[in-house]
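It should be emphasised that the depicted structure is a prediction, and the values quoted were computed from it without experimental measurement. Computed over heavy atoms, backbone and side chain alike; hydrogens, waters and symmetry mates excluded. Read the numbers this way: they start at 1 and go in the same order the structure lists the ligands and their atoms.
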Amino acid sequence: MKYVSTRGSVPPTDIRTAIEAGIASDGGLYVPESLPKIEKENFKNITELSDVAITLLSPFFGTSAASLCKNTFSFPIPLSKTPRSNDFILELYHGPTGAFKDVGAKFLAGVMSSRPSIVMVATSGDTGGAVAAAFAGQPGFDVVVLYPKGKISTRQESQIAGWGQNVRAVAVEGSFDDCQRLVKESLLKFKSNKPFLSANSINLGRILPQMAYYAHAALSKPGLNFIIPSGNLGNSLACIWAKKMGLPIGEIILAFNANQAVVQYLKTGTYTPTTTVPTLANAMDVGNPSNLERLQNLYPSIDELRRVVRAETVNDDEIRKEIESSEKEWGQVLCPHSAVAAAAKKRFNLSGPTAIVATAHPSKFETIIEPIISREVKIPTELVALMSRSIKNETIKPEYTALEALLKRSIQ
Ligand SMILES: *Cc1c(COP(=O)(O)O)cnc(C)c1O
């Protein structure tokens with residue numbers, strides 16, 4: 001399998017080069033040259049998530065798919081029942097840091113295991129923790145996580161800055177956009193003997209493995225519809241690719257918070273990026289989703305795209321109401337992101353089984369949820385240790401020279 005740029009002016013390359021480069025030299029994003037077709041028969045007698053993943057990902061990762069998938073899919077991703085017979089929850093939050101980003105981060109760490117690198121990532125909350133957990137203690141790796149100082153929750157900060165060892169937690173006196181800009185600048189400017197890897201959500205090494213949980217769920221309930229909380233569109237792109245490969249996936253609904261550039265695009269046919277609006281579902285606060293370029297590459301005509309996905313926007317008021325009503329009506333505590341999907345579902349009249357995709361564990365967002373449901377959200381035992389550690393970080397001004405000095409000082 002070869003990989004090409006969405007902008008078409010880079011020679012086809014192999015998966016390793018595509019992953020290590022992050023972004024193609026023409027400014028585009030790498031995509032598979034074509035998506036292989038896979039038949040239901042290929043999955044005959046296969047029921048385990050990790051085995052579904054191996055079958056699905058072998059065309060992309062060859063013989064290394066087996067060990068990569070066994071290592072990544074070591075936690076359950078259940079499709080759980082709700083009191084409504086045709087509604088399900090796809091629980092993506094049982095990984096080491098309680099968010100779906102654990103899947104991509106663990107897989108990427110596996111792909112890179114023989115290539116000691118400086119791993120950099122900017123985070124608005126969840127990504128940093130997942131990447132830090134996946135690479136912490138891996139010999140030869142230096143992990144640098146940049147996050148906006150004072151703008152993430154205490155528990156999220158503990159997941160990023162509680163490691164010490166080879167994980168440098170950098171609190172930037174600025175916004176998430178400043179963090180992202182600093183990562184980009186160091187990729188271009190910082191000189192080191194070690195390769196630089198950007199572990200952001202456009203990395204193919206994070207997106208491709210996400211196809212596996214959609215495949216696994218749909219094989220157990222053919223025709224299953226998915227409602228996906230969406231920001232940068234990495235999670236939903238994986239679902240769309242899996243459907244295109246031939247998996248029995250029904251309708252795909254993209255659920256957005258008040259950041260609705262994609263909703264407007266599908267409505268009007270004209271794409272206009274917006275400035276980011278802060279919401280209760282902050283991991284989805286994206287005004288200009290990077291992975292839209294990959295969707296447009298796959299479906300250049302808006303009419304085609306409209307046949308593949310529909311989209312809805314949900315405001316903070318509706319998020320609050322959904323958190324309250326799902327807890328009251330069926331005892332399910334949803335994180336604010338998952339609540340966006342649950343609320344969006346009500347706008348559609350879907351036939352057949354439908355999965356609300358739950359992207360994070362509610363205990364990561366207790367300051368939002370607990371006042372709404374008037375009770376404590378229990379932290380799963382696996383997450384307790386990770387969310388209550390002392391912080392080991394460094395604070396810098398949002399300037400490249402400050403980051404450069406830190407890198408020079410701390411990277412062997
Ligand atoms: C990152 C994230 C999202 C958005 O996923 P995208 O792949 O960026 O669309 C949704 N929910 C949670 C909890 C997240 O951490």
Considering only non-hydrogen protein atoms, determine which one is nearest to [atom] and report residue, atom name and distance to 0.1 Å.
| atom | answer |
| --- | --- |
| atom 5 (O) of ligand 1 | F100 CZ, 3.5 Å |
| atom 12 (C) of ligand 1 | T359 OG1, 3.4 Å |
| atom 10 (C) of ligand 1 | M284 CG, 3.5 Å |
| atom 14 (C) of ligand 1 | K101 NZ, 2.8 Å |
| atom 8 (O) of ligand 1 | N232 N, 2.8 Å |
| atom 9 (O) of ligand 1 | G231 N, 2.7 Å |

Self-check item: Partner of E324 by side-chain hydrogen bond (donor to acceptor under 3.5 Å, both in side chains), out of K321, K328, R320
Solution: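 For E324, the side-chain hydrogen bond (donor to acceptor under 3.5 Å, both in side chains) check succeeds only for K328.
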
Self-check item: Short N-O contact, K149 and D178, less than 4.0 angstrom
Solution: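 No.
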
Exercise. Find out whether the Lys NZ or Arg CZ of K189 is both under 6.0 angstrom from the six-membered ring centre of Y400 and within 45° of the ring's axis.
Key: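 The answer is yes, since K189 meets both limits relative to Y400.
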
Self-check item: Close approach of S230 to ligand 1, heavy atoms, under 4.0 angstrom
Solution: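 S230 counts as a contact of ligand 1 under the 4.0 Å cut-off.
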
Practice problem: State yes or no: are the ring centers of F226 and Y214 separated by less than 6.0 Å? | Solution: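 Judged by ring-centre distance (under 6.0 Å), F226 and Y214 do meet the cut-off.
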
Quiz item: Is the distance between the ring centroids of H337 and F365 less than 6.0 Å?
Solution: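 Yes, the ring of H337 comes within the 6.0 Å limit of the ring of F365, centre to centre.
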
Quiz item: Can you tell which part of N235 has a heavy atom less than 4.0 Å from ligand 1: side chain, backbone, both or neither?
Solution: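 The part of N235 near ligand 1 is both the backbone and the side chain.
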
Quiz item: At a 4.0 Å threshold, what atoms of ligand 1 neighbour a non-hydrogen atom of A360?
Solution: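 This gives 13 (C) as the contact atoms.
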
